Amino acid sequence: MSLLPDIPATAAPPTQLQLKLRRQARISATLRYSLLIVVGLIMIYPLIWLVGASFKTNAEMFTSAWFWPKDATIQGYIDGWKTSTPYTFGHFFINSLQIVIPKVIGTAISCTLVAYGFARFEFPGKKILFAILIATLLLPDVVTRIPQYLLFRELGWLDTYLPLFAPAWLAGDAFFVFMVIQFLRAIPREMEEAARVDGANTLQTLIFIVVPMLTPALVSVCLFQFMWTMNDFLGPLIYISTVEKYPISLALKLSIDATEAFNWNSILAMTVLALTPSLIVFFLAQKSFIQGISSGGVKG
Amino acid sequence: MGGDSKFLGLWYVAPYAIGLLLFTAFPFVASFYLSFTDYDLLSSPEWVGLKNYEKLFTRDRTFDKSLNVTLTYVFLTVPLKLTFALFIAVVLNYRLRGINLFRTAYYVPSVLGGSIAIAVLWRYIFANTGLVNMIIVAFGGEPVNWFGDPGNALFTITLLRCWQFGSAMVIFLAALQGVDKSLYEAASIDGAGPWRIFRHITLPLITPVIFFNLIMQTVQAFQEFNGPYIITQGGPLKSTYLLPLYIYDEAFKSFDMGYASAIAWVLFAIIMALTLLAFWSSKKWVYYAGDKRS
């Protein structure tokens, strides 16, 4: 399978073995391409169909598997934008941003501080705390969810966005801390030491020397957090009860319940709208994503 | 860095330590305590000893069903998804032109997958007159009742998660690209065929990543919620009623916090047991470079 790295191009006539290997390589490449294209189409077609179908009329929706609409209409988007509530889709989008923005900022700041602490300092209890950090990577949320709810209830935070982003300000996502620590460990310390010799304190060193070098890692962190928070459903489902405060995910669920039986294209149009921010962010920054995922390993 | 107080680092990790205590450690202990109580939010928790667990294991048929469904789901989804991810990664791990394009295309479903918008899409694709059935009929087949038939519904949700094999695949691919190419050359000169090379060189060398993916995907699969909640609401006949759905209903619909905590702890115990089993068995099959045992 994945043999055949570089066969040196030599002036001498190719040996029997080299000829055989080259032939194998050609067949192999053809097979691989065919397979990848077929699988790729199966993977992507549902999304293409989704976009096409969101422009179809309700009458045409379930008549053909072909994605291209016969008489394209934007009625789905008009109805979808209005939603089945007194609020527009834009209103829910802004609600989502009110959760996402504080959460992303909090995550970036707290993870940087904590990762710096772990990667650059010795302190009593560091080993234990780091072991706990790793252990919590595997800790299922399901076991802490109920008391967390009771805690936020005591604080009077139900039906606010605070339960959704406040934990992020205290480095609540151990995974991101871990990712930044890994990144920091690979950065040489000479610059930081030079800055310290010149009289900078550790916080100044962090802000002016470390953070600029950390930028690629922090971009990954922000992107993943943006995506996950944008798509989070269970969190808002538990904590947000007023329709006016719904983020996109809950608004979409509400609309399905209200109009699914008849207004299919508006549901699909809303689905497209709900996916658009994530898609845009992904395509703008796919390099960071793939790097982030291959270096740290990501759930999802 | 010399000269600094040895407590300086503690200041930096303090946010994490506080968050850990408030949002993880305390809830962790509290939920264990709550699992031995009767608590409906109206009066304070009342200690009932093992009553919740006793009910779970002896009298609760919903729990039996839900546990069964959950185990079936996990043991179906994780191997299918990982095998597929590894297979595609191996196919991609070649000097193909356009490899990045494919990698991106395969990764997109993973990026969007957590969104309930995708779960909504799934309902349309697998509806009785949905995309998949339209294609089946176009090829002269019989339409399948994907969600209405209790025998199919869980599998349809499994398909949704397998569709999101992208992140596992990207991790596999990174590991495959790290395998020393000279090993392949040596083996092929010695006359080993592609399958033997894969089986005896590639596979052992990437076992750490297989192990990592296995654990992460298993822990995640046990917590699946969005898919069944949106697509099937746990039905038909509770055939997709995974434990997280049951916990959610007990906690946030019936407000039976004690009982919900007990179910959560059983789920947690199962996940822990399987994780420990994986770690214990890893000594026998996971190969770490420089490790003499293998």
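Quick note: numbers below take in every heavy atom, side chains included, and nothing from hydrogens, waters or symmetry partners. Chain letters run A, B, ... following the sequence lines, proteins first and then strands; every chain starts at 1. These figures come from a predicted structure and were not determined experimentally.
Top candidate by heavy-atom pairs under 4.5 Å with chain A, chosen from B/Phe32, B/Tyr39, B/Trp163, is B/Trp163. Interface check for chain B: of the options A/Leu273, A/Leu50, A/Asn201, the most heavy-atom pairs under 4.5 Å are formed by A/Leu50. Chain B forms more heavy-atom pairs under 4.5 Å with one residue of A/Ile248, A/Leu252, A/Leu170 than with any other, namely A/Leu170. Contact count against chain B (heavy-atom pairs under 4.5 Å) is highest for A/Leu237 among A/Leu237, A/Ile44, A/Leu139. Interface remark: of the candidates B/Phe172, B/Phe222, B/Phe165, B/Phe165 forms the most heavy-atom pairs closer than 4.5 Å to chain A. With respect to chain B, the highest number of heavy-atom pairs below 4.5 Å among A/Lys126, A/Arg153, A/Met270 belongs to A/Arg153. When each of B/Trp265, B/Tyr33, B/Tyr248 is checked for heavy-atom pairs under 4.5 Å with chain A, B/Tyr248 comes out on top. When each of B/Ile263, B/Ile230, B/Leu34 is scored by its heavy-atom pairs under 4.5 Å with chain A, the top score falls to B/Ile230. Most heavy-atom pairs under 4.5 Å with chain B: of the set A/Leu137, A/Ile132, A/Leu133, A/Ile37, this distinction falls to A/Leu133. When the candidates A/Ser110, A/Ala274, A/Ala115, A/Pro46 are compared by the number of heavy-atom contacts under 4.5 Å with chain B, A/Pro46 comes out ahead.
Contact between A/Thr271 and B/Ala117 at its shortest, heavy atoms only, is CG2-O, 3.2 Å. Closest non-hydrogen pair, B/Ser115 versus A/Leu275, comes out as OG-CD2, 3.7 Å. Considering all non-hydrogen atoms of both residues, A/Ile146 and B/Ala260 come closest at CD1-CB, 3.5 Å. The two residues B/Tyr106 and A/Leu35 make their nearest non-hydrogen contact at OH-O, 4.5 Å. Residues B/Pro27 and A/Pro147 approach most closely at O-CG, 3.1 Å, considering heavy atoms. When every heavy atom of B/Ala264 is checked against every heavy atom of A/Val142, the shortest pair comes out as CB-O, 3.8 Å.
Residue A/Trp169 places its CH2 atom among more than 12 non-hydrogen atoms of other residues, nucleotides or ligands, all under 6.0 Å distant. Within 6.0 Å of the CD1 atom in A/Ile128, the count of heavy atoms belonging to other residues, nucleotides or ligands does not exceed 12.
Proximity of A/Thr144 to B/Phe26: side-chain heavy atoms (C-beta onward) are nowhere separated by under 4.5 Å. Using a 4.5 Å heavy-atom threshold, the side chains of A/Lys253 and B/Val120 count as separate. Counting only heavy atoms from C-beta outward, the side chains of B/Leu131 and A/Tyr45 approach each other to under 4.5 Å. Looking at A/Leu47 and B/Leu121, their side chains come closer than 4.5 Å, going by heavy atoms from C-beta outward.
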Quiz prompt | Test log, rule side chain to side chain contact (heavy atoms under 4.5 Å, CB included), inputs A/Val39 and B/Phe102 | solution = CA-CA 10 Å; A/Val39 174; B/Phe102 286 117; over 6 Å; no
Self-check item: Criterion side chain to side chain contact (heavy atoms under 4.5 Å, CB included) on B/Val13 and A/Phe123, from CA distance to verdict
Solution: CA-CA 10 Å; B/Val13 300; A/Phe123 52 86; 3.7 Å; yes
Practice problem: Evaluate the criterion side chain to side chain contact (heavy atoms under 4.5 Å, CB included) for residue pair B/Arg123 and A/Ile256; output intermediate values, then yes/no. | Solution: CA-CA 11 Å; B/Arg123 289 175 64 142; A/Ile256 308 171; 4.2 Å; yes
Practice problem: Evaluate the criterion side chain to side chain contact (heavy atoms under 4.5 Å, CB included) for residue pair A/Leu113 and B/Trp11; output intermediate values, then yes/no. | Solution: CA-CA 9 Å; A/Leu113 289 171; B/Trp11 284 104; over 6 Å; no
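In summary, the aromatic rings of A/Phe152 and B/Phe23 are positioned with their centroids under 6.0 Å apart.
With a threshold of 4.5 angstrom between heavy atoms, A/Leu151 approaches chain B through side-chain atoms but not through N, CA, C or O. Using a 4.5 Å cut-off between heavy atoms, B/Ile271 touches chain A through its side chain atoms alone. For chain A, the nearby parts of B/Tyr16 are the backbone and the side chain; heavy atoms of each come within less than 4.5 Å. No part of B/Phe126 comes within reach of chain A, as not one of its non-hydrogen atoms sits under 4.5 angstrom from that chain. For B/Ala105, the parts lying under 4.5 angstrom from a heavy atom of chain A are both the backbone and the side chain. Both the backbone and the side chain of A/Gln148 come within contact range of chain B, each with at least one heavy atom under 4.5 Å from a heavy atom of that chain. Contacts of A/Leu279 with chain B are made by both backbone and side-chain atoms, with heavy-atom separations under 4.5 Å. Looking at A/Leu206, the atoms closer than 4.5 Å to chain B (heavy atoms on both sides) all sit in the side chain, from C-beta outward. Interface remark: A/Ser249 contributes backbone and side-chain atoms alike to the contact with chain B (heavy atom separation under 4.5 Å). The parts of B/Leu41 that come within reach of chain A are both its backbone and its side chain, each placing non-hydrogen atoms under 4.5 angstrom from that chain. In this structure, chain B has a heavy atom under 4.5 Å from the side chain of A/Leu150, while its backbone stays farther away. Within the 4.5 angstrom heavy-atom criterion, only side-chain atoms of B/Thr275, from C-beta onward, approach chain A.
With B/Tyr229 contributing its side chain and A/Phe233 its backbone, the two residues share no donor-acceptor pair below 3.5 Å. Under the 3.5 Å distance criterion, the side-chain polar atoms of B/Gln223 are left unmatched by any main-chain donor or acceptor of A/Pro140.
Note that the CG atom of B/Leu8 and the CZ atom of A/Arg120 stand 14.0 Å from one another [nearest 0.5 Å]. Once rounded to the nearest 0.5 Å, the distance linking OG of B/Ser110 with CE of A/Met227 reads 10.5 Å. Note that the CD1 atom of B/Ile118 and the CG atom of A/Asn231 stand 8.5 Å from one another [nearest 0.5 Å]. Summarising the geometry, atom CH2 belonging to A/Trp49 is positioned 5.5 Å from atom CE belonging to B/Met134; distances are rounded to the nearest 0.5 Å. To the nearest 0.5 Å, the span separating CG on B/Leu112 from CE on A/Met230 amounts to 12.0 Å. Atoms CZ and CZ, from A/Arg145 and B/Phe225 in turn, are 8.0 Å apart once rounded to the nearest 0.5 Å.
Relative orientation of the B/Phe252 and A/Tyr149 rings is perpendicular, given thresholds of 30° and 60° on the angle between their planes. Ring geometry, B/Tyr12 versus A/Phe121: the interplanar angle falls under 30°, so the pair is classed parallel (tilted spans 30 to 60°).
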